[in-house]
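Here the structure is a predicted model, which means the values were calculated and not measured. We use all heavy atoms of the structure for the numbers below, so side chains are in, but hydrogens, waters and symmetry mates are not. Remember, it's 1-based here, ligands and their atoms both numbered in the order they're listed.
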Amino acid sequence: MQLKTSSTYVLLLLLLLNLSITNTELIGLKKQFKLFVKNVASTFHENWRRHYISEHPHTRNRFKLTQNGSHYNSSDFIYPMILTVGSCLVHRNLKVARARFNSSITYVDILNMNYDELPVDWAYENRATAQVACRQVLQSIRQKLIFNRDLVEKISKKIHNAWIKRNAHRTAKELLSPYENLPEAEKDKDRRAFLIACRLFNELHLYHYFKTTPIQLTDISFE
Ligand SMILES: *[C@@H]1O[C@H](CO)[C@@H](O)[C@H](O)[C@H]1NC(C)=O
Ligand SMILES: *[C@@H]1O[C@H](CO)[C@@H](O)[C@H](O)[C@H]1NC(C)=O
Ligand SMILES: *[C@@H]1O[C@H](CO)[C@@H](O)[C@H](O)[C@H]1NC(C)=O
């Protein structure tokens, strides 16, 4: 489903770009787009970890509920600890915990996991954000937009709206408010997603594949 959406999107984009390309080139571009999204998702997560730690220097972990934690070996949960999420048994890797009195409830420490370690539900969130950011980069290039502060705000809003759509069921209602009403720290997350996508578009030399030039930011800088 995920894959289909992005491939379809690239196809559509190419039609709009009016590039005449061969099937082989198209397959290559799809591969580049996937690589783009994967890199942005991973960098976005690392970037979030770094910012979170600098903003919360005394926080050592951030355990979050996962729906996809059942594959961990039950006999590896060996340390009884009280965490912010409650009384748990912690995995020997210290990055996964199970509720002490209900072993079907699993938490993962997203602050100490790199992107590749995240369970599928948490990786999905990063990838979904990255996908929106990457599409917006390609679309902005196609429309020959100027990469300035205004554009960053416009696209951050789109990134946030897509997040709302995916998370409408969530309980933290304050984050479901429109982009304009978000605290700056929350807006910054959306802005960073786009600015990371801009930087990686250049660093991965994707302009070469998409037959365009590197992105030049005007009154802003890469993240
Ligand atoms: C992740 O968890 C969700 C909700 O329980 C489930 O629908 C989905 O199939 C799981 N995915 C994987 C890869 O385990
Ligand atoms: C789980 O861990 C135990 C103890 O380390 C080991 O003996 C067992 O084979 C593991 N089970 C699986 C399914 O990996
Ligand atoms: C354990 O947690 C699961 C998932 O939240 C829940 O469905 C189940 O009823 C709980 N079991 C007990 C014994 O509380």
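- The backbone N or O of Gln136 lies less than 3.5 Å from a partner atom in the side chain of Ser140, making a donor-acceptor pair.
- Across Glu153, Glu186, Glu223, a single residue satisfies salt bridge (Lys or Arg N to Asp or Glu O under 4.0 Å) together with Arg191, and that is Glu153.
- Summary of contacts: the protein heavy atom closest to atom 12 (C) of ligand 3 is Asn102 ND2, 3.3 Å.
- For atom 7 (O) of ligand 1, no protein heavy-atom neighbour is found at a distance under 4.0 Å.
- Under the 30°/60° scheme for interplanar angles, the aromatic rings of Tyr115 and His45 are found to be tilted.
- Which parts of ligand 1 touch Gln67 is read off a 4.0 Å heavy-atom cut-off, strictly below it: atoms 2 (O), 4 (C), 5 (O).
- Looking only at heavy atoms of the protein, atom 10 (C) of ligand 2 is closest to Asn73 ND2, 2.4 Å.
- Per-atom contact check: atom 14 (O) of ligand 3 touches the protein, criterion being a heavy-atom distance below 4.0 Å.
- In terms of protein heavy atoms, atom 4 (C) of ligand 2 is closest to Ser75 OG, 3.6 Å.
- From the protein, the heavy atom lying nearest to atom 11 (N) of ligand 1 is Asn68 ND2, 2.8 Å.
- A salt bridge does not link Asp109 with Arg60: every distance from a Lys NZ or Arg NE/NH1/NH2 to an Asp or Glu carboxylate oxygen is 4.0 Å or more.
- Note on ligand 1: Asp121 sits outside its first shell, no heavy atom being nearer than 4.0 Å.
- Protein heavy atoms are found less than 4.0 angstrom from atom 2 (O) of ligand 1.
- When atom types are taken as modelled, the side chain of Arg100 and the backbone of Leu89 share no donor-acceptor pair closer than 3.5 angstrom.
- Between His160 and Tyr179, the two ring planes are tilted [angle within 30° to 60°].
- Of the protein's non-hydrogen atoms, the one nearest atom 5 (O) of ligand 2 is Asp76 OD1, 4.2 Å.
- Applying the 4.0 Å criterion to heavy atoms of Val120 picks out, from ligand 1, the atoms 11 (N), 12 (C), 13 (C).
- Shown here for Cys134 and Val40, the closest heavy-atom pair between the two residues is SG-CG2, 3.7 Å.
- Taking every heavy atom of Ser104 and a limit of under 4.0 angstrom, the matching atoms of ligand 3 come to 1 (C), 2 (O), 3 (C).
- A donor-acceptor pair is defined here as one N or O able to donate and one able to accept, closer than 3.5 Å; such a pair exists between the side chain of Asp121 and the backbone of Gln67.
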